[in-house]
Amino acid sequence: MIVFIVRRLVISFFVLLAATFIIYVLTALAGDPLEDLRQDNSPNKAQKIADRSERMQLDLPIPLRYLNWLGNLARGSLGVNRDGQDVATLLADALSATLQLVLAATVLAITIGIVVGITSALRQYSGFDYTVTFAAFVCFSLPLFWVAVMLKQYMAIEFNNWLKDPVIPPTVIGMLALLGGLIFGALTVGERKRRLFAFGIGFLISGALFTLLSVTRWFADPALGLPLILAFGLAAAVGFTALAAGLQYRGPLYATLAAAVIGALSSQVLSPILTNPTWLEIGGLVLLTVAVCVGLGYAFGGLQRRQAITATVLTGLFTGGMVFLDRMLQSFASYSASVRGRPISTIGARTPNYSGDFWQTSLDSAGHLLLPSMALILISLATYTRYSRASMLEVMNQDYVRTARAKGLPERTVVVKHAFRNGLIPITTLMAFDFAGVIGGAVVTETVFGWRGMGFLFTKGLYEVDPGPVMAFFLVTGTAIVVCNMIADILYAYLDPRIRLS
Amino acid sequence: MTTPPNVPIEPHAVDPHVFDDPAAAAASGQILDSAEEVHVGLTLDAVRPPSHEEILRVENLTVEFPTEDGVVHAVRGVSYGLREREVLGIVGESGSGKSVSSLAVMGLLPKSARIKGRILFRGDDMLKMSPRKQRGLRGRKIAMIFQDPMTALNPVHTIGDQLAEAVLAHELMPRKTALARAREMLDLVGIPQAEARLRSYPHEFSGGMRQRAMIAMAVINNPDIIIADEPTTALDVTVQAQILEKLLEVKDAVNAAIVLITHDLGVIAGMAHRVLVMYAGRPVELGDTDPVFEEPRMPYTAGLLGSIPSLEGGGSRLRPIKGTPPSLINLPTGCPFSPRCPLATDICRTEEPQLAETDSGGHFAACHHWDKLAAAEDPTVFFRTESETVA
Amino acid sequence: MTLSAQAPESNTGAAQGMTIVARTQAQMVRRRFFRHRAALAGMIIFGLVLLLSFSSIGFLGVSGWWDKSYLATGALVNQGKPTLSVVPEFLGGSGIRLGEHPFGQDDIGVDYFAKTMRGAQQSIIVAFLVAVVATSVGTLVGAVAGYYRGKTESVLMRFTDVMITIPVLVIAAVVGRRFGDSGVLLLGTFIGLVIWPSMARLLRGEFLSLREKEFVEAARAVGTSASRIIFRHILPNTVGVIIVAATLSVANAVLLESALSFLGLGVQAPDTSLGQLINEYRTAMVTRPWLFWWPGIFIIAIALSINFIGDGLRDAFDPRQTRVRA
């Protein structure tokens with residue numbers, strides 16, 4: 001394992017080195033770095049040109065400039081850009097914004113994509129499957145920047161306007177109810193009658209829900225409240241138990257239900273801490289949740305101890321997430337007021353000079369992250385959905401799945417333990433490839449949403465034929481891609497015992 | 001060789017009917033006489049004989065698959081019974097419906113399959129059972145061994161885990177107990193160092209070892225019926241005999257009946273009490289193994305026998321059946337074998353013969369002209385090649 | 001159970017009126033493709049877009065049926081709103097007609113239909129060039145690396161590793177910055193020259209598995225030259241994979257080109273492409289939405305239809321899914 005990592009790191013180092021050379025040379029050849037100054041009419045034009053030429057060492061041949069850059073890098077310096085600013089400082093500012101964006105998009109795309117893809121595969125040839133397949137194709141074919149501009153217009157500007165008086169018009173409620181019904185109906189397989197029934201239920205539930213939200217003007221001051229947290233928690237408890245252990249025996253179910261109740265109640269008990277916590281305290285609470293849940297699962301699990309612990313921890317974390325969400329929503333009204341009623345932001349990674357408590361600053365980040373990550377995940381989401389669907393369909397046709405069924409295992413175990421585990425293997429390889437795509441996408445998204453992140457660093461450097469910032473961008477993203485590749489390989493070996501890392 | 005060392009003491013491991021059947025008892029007296037003829041060390045006659053009680057009855061089973069090209073009539077009216085401890089061989093080419101019919105018994109056909117008829121397990125129709133009840137039988141009362149042990153075991157879970165899981169699917173017990181049972185089963189099928197092997201992954205096993213593990217998995221719940229779908233086809237010739245022998249030995253240990261599906265007539269000859277020959281989704285001949293093989297009453301069976309190379313009869317030559325099996329989407333009218341049959345007459349091309357009793361009791365055939373075969377001295381003679389006739 | 005493609009050895013089967021028909025690989029592929037409805041729709045839509053964009057304003061000096069130019073400015077009519085109408089009069093609309101400027105006019109009065117058509121032409125040309133160049137280079141490198149293995153393979157594959165470490169958009173942007181204003185032909189070729197590595201990886205994998213097959217061994221045994229084995233024996237067997245990948249890469253290239261042009265690193269004004277049009281008018285989203293919508297719709301139509309064609313081809317070349325188990 002360690003040998004493998006070291007060897008991979010050594011190879012990756014040389015691969016990166018070669019790539020930096022290519023990028024450096026291409027960037028330096030991309031245009032004339034003095035173009036803007038040549039059209040300059042100010043009296044000290046000659047002086048400016050001389051200054052910049054000196055700073056960028058334009059008198060040296062490109063390979064020598066590269067070697068100089070490399071030498072500086074070895075000494076821990078990223079050099080200066082063509083205006084003399086320190087690249088490392090620029091990079092530090094840009095890094096956290098982009099990292100947030102890319103990580104949020106990747107994690108969301110993987111989770112949602114895999115869940116949707118697997119559901120689609122298990123419901124092959126259902127309305128849901130066809131819809132997902134078609135939607136994935138549309139996502140593949142959407143230009144990212146176009147979507148981003150649309151999101152900006154409709155999800156931010158118009159949505160913020162609507163929030164001033166959050167009443168859903170009856171026609172929209174009707175359409176949402178119809179959509180809810182269609183989703184329910186499409187997920188159901190079987191005879192037409194059963195599907196119609198499911199459609200009716202979905203229609204009524206979503207119709208009632210949105211009417212309620214509209215009448216109570218929930219969006220003006222949203223919150224979940226203890227009853228809803230409890231309800232979601234209990235529902236999650238039943239769901240996770242059914243997935244991990246089955247509902248045949250009671251032990252695991254008691255454990256997860258207990259976890260949901262304790263989680264919901266503790267939101268009241270822990271109120272003093274939750275008023276204005278730090279990320280460190282939140283982390284502590286997460287660890288505490290896991291510890292309590294492991295205990296619960298162990299105590300109640302009986303003969304299904306392993307499954308019970310898994311289900312309980314998942315339930316606990318989910319309930320915790322609900323409590324977190326509730327707290328955040330509670331601050332929504334005050335936050336919205338402090339940004340003049342425009343909580344969904346279209347520009348930048350945070351509101352300039354904003355200060356508030358933990359929940360308000362979190363909301364500020366979330367409001368800024370929302371649209372760019374929505375735009376950014378579209379393509380990855382489609383990729384993960386298609387891949388996990390294909391992979392799952394392939395696996396479900398394997399002989400060992402038939403063997404698992406022949407043993408008399410419940411379908412849940414067949415899918416989760418035998419099919420899903422194998423279906424994940426090819427998806428790990430996709431992660432590495434997709435990550436490179438997300439970084440490319442981030443460049444475009446940042447341009448549309450005016451984030452001063454890595455993408456901005458890159459495009460600006462490229463326009464100005466200024467290798468310094470471009471190389472800084474590439475060093476970070478290239479390293480990230482290399483690391484991502486390695487994680488994918490390790491994950492692959494972990495999931496597939498036939499592969500040995502060496 | 002007769003009793004494995006680690007047979008678990010289970011309620012029905014001791015069979016009360018063993019000595020009920022005098023004929024069977026007599027038969028088991030002459031084990032060693034016929035032992036040399038078959039390639040299996042442990043012979044069928046050495047294991048406990050079948051009782052008269054029927055545990056599985058398949059009645060008029062039909063299976064159809066709608067496909068883009070039309071409806072595939074994979075199984076068209078199969079009926080047979082299986083007695084306790086009996087070994088029933090089902091022979092046929094690929095596409096004859098032999099695998100599909102047994103997957104139907106297991107309830108493992110894809111959802112798109114249209115299944116009709118009755119499958120009675122101890123009198124209960126499995127096709128009418130709730131999915132949950134059906135699942136309760138699967139792996140516990142009826143177990144299956146698949147053709148290719150390379151792909152039938154899940155590559156990402158350990159052997160022990162996959163065996164223990166089969167127990168835990170039907171009975172709640174501590175994992176340790178289930179693993180202990182798994183170890184016992186690996187011992188039974190002759191896998192050395194069973195304890196350590198529980199932690200191995202399938203790819204660390206050889207083909208023969210994997211098939212042994214599959215057998216262990218099939219018998220771990222003491223099933224009444226084991227369906228073995230071409231259990232040796234994917235294996236090395238040298239390993240085949242060992243696996244078949246192990247199958248008989250294990251069957252005896254857990255007192256199960258076996259449905260043995262194969263296209264290898266040699267395997268059937270040494271392994272099965274009775275044999276069912278299938279062609280184009282239909283049973284065409286059914287009877288005790290010896291009569292069927294010695295005096296076939298259906299030209300297809302005769303043709304199959306004629307196409308086996310033999311070491312002894314130096315003079316006889318291979319007599320392959322000409323042509324290919326018909327498409328299951330567009331079956332010819334009349335007997336499906338008629339286009340390839342040397343005995344075919346006009347009636348064969350218009351009317352499909354039904355399975356009916358022939359000259360000897362318990363020997364059924366679906367042929368208009370079974371009497372012509374009965375009259376011939378060598379039933380394979382009809383499949384003579386032209387060159388042979390000229391010479 | 002194999003149901004198809006099993007030709008009877010003698011004519012017994014055919015004589016008995018049985019329906020076992022031997023089909024050639026190409027026939028089967030064609031049949032399966034035309035049964036794929038989405039692919040068929042994609043083909044029709046792409047054909048229409050192609051026809052519309054090249055016949056309307058003409059191409060290579062041949063003039064088309066649309067009389068306005070994508071360069072000539074004119075007086076703004078009705079604030080440049082589109083005159084295209086598809087709602088018939090009896091439904092309360094203004095009838096089905098194209099009008100003077102069906103897609104409207106831009107801020108200096110240029111006919112936007114002509115401009116969009118020009119953009120579509122340029123985008124399609126770049127995309128095809130990128131796909132052709134990347135596929136050819138990728139196939140060649142992948143084939144050589146997969147066939148020869150050893151040193152040749154490791155050198156070639158290390159090189160593709162290097163190229164794969166660089167996100168496609170990044171390398172393409174760097175190239176686009178240099179060649180964006182030297183015409184679509186150079187731009188397309190050079191982008192193709194930097195994005196081939198993923199194709200090479202795919203082909204290498206195919207070759208690695210095919211070179212172990214018996215027919216290759218047979219060819220080698222009778223002393224066939226390496227180049228003949230590569231091009232005559234193995235390559236025809238990978239044709240399905242290549243065609244599918246090439247088709248999908250056209251769709252990707254359309255999106256890549258438009259993204260580059262949007263960033264200002266692709267096709268440069270006064271020439272235009274669909275991405276460039278969106279970039280030019282992205283602030284017009286609220287005031288003159290048609291300037292933003294038309295090029296977007298065309299990008300989606302092109303990319304979506306090609307993606308569907310690619311999917312249909314993949315299904316057609318990969319018959320696994322129609323197999324019935326028995």
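By convention in this document, chain letters (A, B, ...) are assigned in the order of the sequence lines, proteins followed by strands, and residues within each chain are numbered from 1.
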Undergrad: Could you check if a side-chain atom of A:Arg498 sits within less than 4.5 angstrom of a side-chain atom of B:Tyr201, using non-hydrogen atoms only?
TA: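 A:Arg498 vs B:Tyr201: side chains apart.
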Undergrad: When you look at B:Arg175 and A:Arg305, which way does the side chain to side chain contact (heavy atoms under 4.5 Å, CB included) test go after all the steps?
TA: CA-CA 10 Å; B:Arg175 223 180 114 74; A:Arg305 199 159 270 159; over 6 Å; no
Undergrad: Find the one option among B:Met144, B:Met106, B:Met173, B:Arg140 whose heavy-atom pairs under 4.5 Å with chain A are most numerous.
TA: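 Maximum pair count with chain A is reached by B:Met173.
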Undergrad: Looking only at heavy atoms and a cut-off of under 4.5 Å, which of B:Ala166, B:Ala152, B:Gly139 has the most pairs with chain A?
TA: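 Of the options given, most contacts go to B:Ala152.
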Undergrad: Between A:Gln304, A:Arg405, A:Glu411, which shows the greatest number of heavy-atom pairs under 4.5 Å with chain B?
TA: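 The option with the most such pairs is A:Arg405.
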Undergrad: For a quick test of reading the model, state the closest non-hydrogen atom pair linking A:Pro497 to B:Pro155 and the distance between them.
TA: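 Heavy atoms only, the tightest pair is CG-O, 3.1 Å.
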Undergrad: For B:Ala169 and A:Gly408, work out which heavy atoms get closest and say how close.
TA: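 Scanning both residues, the minimum pair turns out to be CB-O, 4.0 Å.
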Undergrad: Should B:His170 and A:Lys407 count as side-chain neighbours, where that means a heavy-atom distance under 4.5 Å?
TA: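 Side-chain contact under 4.5 Å: no.
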Undergrad: Measuring heavy-atom distances to chain B, does A:Leu495 have an atom under 4.5 Å in its side chain, in its backbone, in both, or in neither?
TA: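 For A:Leu495, the backbone is the part near chain B, not the side chain.
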Undergrad: Flag the pair A:Asp399 / B:Met150 as yes when at least one side-chain heavy-atom distance between them is below 4.5 Å, and no otherwise.
TA: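 Counting from C-beta outward, A:Asp399 and B:Met150 never come under 4.5 Å.
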Undergrad: Can you tell if the side chain of B:Phe146 reaches within under 4.5 Å of the side chain of A:Thr403, non-hydrogen atoms only?
TA: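 Yes, close enough: below the 4.5 Å cut-off.
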Undergrad: Non-hydrogen atoms of chain A under 4.5 Å away: do they reach the side chain of B:Leu172, the backbone, both or neither?
TA: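 Its backbone and side chain both get close to chain A.
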Undergrad: Using the rule side chain to side chain donor-acceptor pair (under 3.5 Å), only one of B:His157, B:Gln162, B:Glu165 pairs with A:His418; which is it?
TA: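 Per the side chain to side chain donor-acceptor pair (under 3.5 Å) rule, the option paired with A:His418 is B:Glu165, out of B:His157, B:Gln162, B:Glu165.
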Undergrad: So, does B:Arg138 use its side chain to make a donor-acceptor pair with the main chain of A:Ala406 at under 3.5 Å?
TA: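 Looks like no, no N/O pair under 3.5 Å.
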Undergrad: Give me the atom names and distance for the closest heavy-atom approach of B:Asn154 to A:Lys417.
TA: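 Looking at all heavy atoms of both residues, the closest pair is ND2-O, 4.5 Å.
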Undergrad: Could you tell me whether the side chain of B:Leu168 reaches within less than 4.5 Å of the side chain of A:Leu409, counting heavy atoms only?
TA: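 When only atoms from C-beta onward are counted, B:Leu168 and A:Leu409 do not touch, as no gap falls below 4.5 Å.
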Undergrad: If you draw a 6.0 Å radius around CZ in A:Phe137, do more than 12 non-hydrogen atoms from other residues or ligands fall strictly inside?
TA: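 Enclosed.
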Undergrad: Would you say A:Tyr254 has more than 12 foreign heavy atoms packed within less than 6.0 Å of its OH?
TA: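 No, because the 6.0 Å sphere around OH of A:Tyr254 holds 12 heavy atoms or fewer from other groups.
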Undergrad: Does A:Arg8, at its CZ atom, have more than 12 non-hydrogen atoms belonging to other residues, nucleotides or ligands within less than 6.0 Å?
TA: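 Yes.
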